[in-house]
Amino acid sequence: MPLLHYPAGVRVRVPAKVNLHLGVGGVRPDGYHELNTVFQAVDLVDEVIAYPARHLEISISGPHADEVPADSRNLAWRAASLLAERAQVAPHVRLEIAKAIPVAGGMAGGSADAAATLVACAELWQTSSSRPELAQLAAELGSDVAFCLLGGTALGTGRGEILAPVLSTGTFWWVLALADYGLSTPAVYAEFDRLNQSSSKGIPQDAAGSPDALFDALRAGDTRGLAQTLNNDLQPAAVSLAPALRRTLAAGGELGALAGIVSGSGPTCAFLTSSQRSATRLAAALTAEDVCRSTRVASGPASGARIVR
Ligand code: C5P
């Protein structure tokens with residue numbers, strides 16, 4: 001009886017992500033946009049604990065937890081169901097999700113919980129799934145789930161789910177400025193389409209590749225070099241839907257960030273700093289300026305979804 005192995009549950013920690021480069025191309029036949037992106041996992045983490053249960057249930061805690069559905073609309077629920085179906089076991093688990101990653105914040109919070117759920121349920125149910133098998137399920141669930149499973153730094157192509165690890169040395173220090181509202185990812189992509197259709201150039205079919213300078217900076221652990229290459233094609237769309245982000249980004253620059261960028265589809269802003277000390281100082285200054293709900297200091301790259309004992 002595998003369930004008896006874990007009466008106290010299986011606890012999994014999973015990181016948020018920032019996109020160091022997010023090149024967005026045209027819409028594919030399946031409705032997704034072609035991406036060329038470089039992800040970095042940061043140590044702002046959610047925890048998912050999977051307990052033995054008689055059916056599938058989810059509870060969520062943390063800021064804005066009440067805005068997260070605790071049913072089949074939750075990607076973690078779908079992750080548990082998909083794994084159970086493929087492993088031919090009953091989808092019986094109680095998932096407790098402790099959220100620190102902002103909800104609808106552009107940091108892959110929902111995808112992170114799905115990745116953690118795959119790892120936790122595979123262990124709880126003793127499915128003997130290999131990491132590549134879990135990665136395959138992750139890719140089916142969503143564009144960012146596979147990266148949350150992998151962690152570290154990686155190049156993502158396709159709709160973001162085809163991953164290749166990227167060599168990165170050292171530690172990069174970020175200040176994350178969290179907003180008191182969320183942005184819907186589909187709405188930001190729709191705004192991206194609208195902005196590009198109304199511009200004379202139209203949407204390029206291929207997403208712009210990451211510049212070599214970005215890979216050089218990561219390989220060398222060169223924070224200043226990395227600051228010069230950060231790019232997010234979704235930023236104009238996020239700012240168009242949430243113009244207050246302009247003030248947040250400007251404040252970060254004025255207060256000493258090496259660079260600032262909207263994280264993914266936003267509205268979280270990610271500011272790169274030269275050290276942990278600079279990050280702590282910037283976080284306090286941004287909070288005092290009242291340009292965001294709250295700030296978090298985080299470092300990257302961080303590990304992907306993993307069991308904590
Ligand atoms: O795959 P995921 O569920 O994270 O994507 C959320 C939404 O973001 C999609 O339904 C789609 O509207 C948009 N998206 C996109 N192209 C991508 C990734 C996401 O258009 N490559």
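For this chain, numbers begin at 1 and follow the sequence in order. Read the numbers this way: they start at 1 and go in the same order the structure lists the ligands and their atoms.
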Whether the side chain of [X] engages the backbone of [Y] through a donor-acceptor N/O pair (distance < 3.5 Å, no angle test) should be reported.
{"X": "E34", "Y": "D206", "answer": "no"}
{"X": "T169", "Y": "R219", "answer": "yes"}
{"X": "D180", "Y": "R293", "answer": "no"}
{"X": "N232", "Y": "G264", "answer": "yes"}

Every pair of nitrogen or oxygen atoms between ligand 1 and the protein that is under 3.5 angstrom apart - can you list them with their distances to 0.1 Å?
residue	atom	partner	partner atom	Å
ligand 1	1 (O)	S143	N	2.9
ligand 1	1 (O)	S143	OG	2.7
ligand 1	16 (N)	H33	N	2.8
ligand 1	20 (O)	H33	ND1	2.7
ligand 1	21 (N)	H33	O	2.9
ligand 1	21 (N)	R159	O	3.1

### Query
salt bridge (charged side-chain N to carboxylate O under 4.0 Å, His left out): which pairs involve residues 128-156, sequence neighbours left out?
R86-E140
### Task
Would you mind telling me which of E161, R159, H33 makes a side-chain hydrogen bond (donor to acceptor under 3.5 Å, both in side chains) with S143?
R159
